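One structure is given here, and the rest of the page talks about it.
Predicted model, so just to flag it, every value in this text is computed and none were measured. Along the sequence shown, residues are numbered consecutively beginning with 1.
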Amino acid sequence: MTRIILLSLFLIATSATAQAPTAADQILEMYSSRLERFQTAATAEAKADAYVADIVDGAVWMPQGGDPVRGKKAVHVWAVNFFATWILEISDSEFEPIIVGEKFAIRRWVGNGVYEERATGRRIPYSQNYIDILEKQSDGTWKLATHMWNNNNRLPSIWSE
């Protein structure tokens with residue numbers, strides 16, 4: 001009888017553990033939610049609000065060919081200007097497995113799509129490499145700390161104009 005009880009407790013414990021989301025799952029959910037929020041926001045300001053909602057206060061953005069943008073407030077200003085200038089259409093992305101440590105995680109990926117210039121309607125296809133560093137927060141959530149990208153040379157880039 002003791003063996004049956006112990007086996008039952010073991011099965012319950014391992015079943016519960018298997019169901020808990022992994023850090024990689026939590027990170028993927030954060031990215032998915034963030035993307036949905038900033039793509040569906042109506043104004044450049046609202047898009048920027050959604051864009052920075054999941055980044056740390058000391059975040060650093062490193063755009064191709066540009067100076068680093070340091071701090072959540074500065075990234076917000078950068079994002080308002082970006083979304084006021086460009087419509088971002090994402091066609092597909094290729095993701096490498098997320099590397100997760102105790103306090104930091106790394107996500108590398110390639111994004112493909114089109115930038116459409118709001119003022120002119122000019123459409124520029126893009127294919128860019130990205131690397132993100134995420135920090136685990138005290139509440140167990142993950143937020144972006146560093147985001148950098150460059151053209152992967154498959155297509156021209158708005159970042160090199």
Side-chain angles (χ1 to χ4, degrees), residues 10-41 44-83 86-116 124-160:
F10 172 77
L11 290 173
I12 290 169
T14 57
S15 173
T17 302
Q19 308 258 344
T22 66
D25 292 336
Q26 293 170 341
I27 291 168
L28 290 172
E29 175 54 34
M30 181 275 293
Y31 273 99
S32 178
S33 173
R34 178 176 178 264
L35 179 64
E36 173 71 21
R37 286 190 319 267
F38 82 72
Q39 282 193 314
T40 59
E45 183 77 27
K47 287 179 181 300
D49 291 346
Y51 186 79
V52 302
D54 295 304
I55 73 173
V56 299
D57 288 339
V60 178
W61 255 225
M62 301 174 74
Q64 175 178 322
D67 293 329
V69 180
R70 299 181 185 281
K72 188 173 185 173
K73 289 180 182 179
V75 172
H76 186 272
V77 170
W78 177 91
V80 168
N81 290 328
F82 175 82
F83 289 120
W86 300 100
I87 298 168
L88 176 61
E89 294 178 19
I90 301 168
S91 59
D92 68 274
S93 300
E94 304 161 24
F95 300 99
E96 294 183 22
I98 298 171
I99 301 167
V100 179
E102 187 176 322
K103 295 185 183 222
F104 295 97
I106 299 170
R107 186 176 197 204
R108 293 184 299 239
W109 49 292
V110 174
N112 302 293
V114 174
Y115 292 112
E116 182 177 330
I124 303 171
Y126 73 87
S127 184
Q128 296 173 171
N129 299 307
Y130 299 86
I131 188 164
D132 294 336
I133 300 172
L134 299 100
E135 290 181 10
K136 187 173 186 178
Q137 305 301 293
S138 59
D139 65 0
T141 61
W142 291 87
K143 290 191 174 188
L144 284 157
T146 303
H147 178 61
M148 89 176 123
W149 64 95
N150 64 22
N151 183 14
N152 70 17
N153 296 320
R154 292 184 196 168
L155 296 168
S157 172
I158 66 169
W159 306 104
S160 57

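One finds the CD atom of Gln128 at 13.5 Å from the CE atom of Met148 (value rounded to the nearest 0.5 Å). For the atom pair CH2 of Trp109 and OH of Tyr31, the computed distance is 7.0 Å after rounding to the nearest 0.5 Å. The CZ atom of Arg107 lies 14.0 Å from the CD1 atom of Ile133; values are rounded to the nearest 0.5 Å. One finds the NE2 atom of His76 at 12.5 Å from the NZ atom of Lys47 (value rounded to the nearest 0.5 Å). Between the CH2 atom of Trp142 and the NZ atom of Lys103 there is a distance of 10.5 Å, given to the nearest 0.5 Å. Separating the CG atom in Leu88 from the OH atom in Tyr115 is a distance of 6.0 Å, to the nearest 0.5 Å.
Using a 30° and 60° split on the angle between ring planes, Tyr51 and Trp61 fall in the perpendicular class, above 60°.
A distance-only check finds no donor-acceptor pair linking the side chain of Lys143 to the backbone of Val56 [under 3.5 Å]. Looking at Ser91, its side chain does come within 3.5 Å of a backbone N or O of Asn112 through a donor-acceptor pair. Gln64 places a side-chain N or O within 3.5 Å of a backbone atom of Asn151 that can act as its donor or acceptor partner.
Summarising the local packing, CE of Met62 is surrounded by 12 or fewer heavy atoms from other residues, nucleotides or ligands at distances under 6.0 Å. The local environment of CG in Asp67 is sparse, with at most 12 non-hydrogen atoms from other residues, nucleotides or ligands closer than 6.0 Å.
Smallest separation of non-hydrogen atoms from Val100 and Ala24: CG2-N, 4.2 Å. Scanning both residues, Ala48 and Val80, for their nearest heavy atoms gives CB-CG2, 3.4 Å. Pro63 and Trp78 make their closest contact through CG-NE1, 4.5 Å (heavy atoms, listed as atom of the first residue, atom of the second, distance). Listed here is the closest heavy atom pair of Gly111 and Tyr130: N-CE1, 3.6 Å.
Every pair tested for salt bridge (charged side-chain N to carboxylate O under 4.0 Å, His left out) that includes a residue from residues 131-142 fails, sequence neighbours excluded, so the list is empty.
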>> Could you go through Asp49 and Arg37, starting from their C-alpha distance and side-chain angles, then the distance that decides it, and tell me whether this counts as side-chain contact (heavy atoms from CB on, under 4.5 Å)?
In response: CA-CA 9 Å; Asp49 291 346; Arg37 286 190 319 267; over 6 Å; no
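Taking Glu36 as the reference, nothing meets the salt bridge (charged side-chain N to carboxylate O under 4.0 Å, His left out) condition, with sequence neighbours excluded.
A side chain to side chain contact (heavy atoms under 4.5 Å, CB included) with Ile55 is found for exactly one of Leu144, Leu134, Val60, Thr146, namely Leu144.
Side-chain contact between Ile90 and Leu35: present, with at least one pair of heavy atoms (C-beta onward) separated by less than 4.5 Å.
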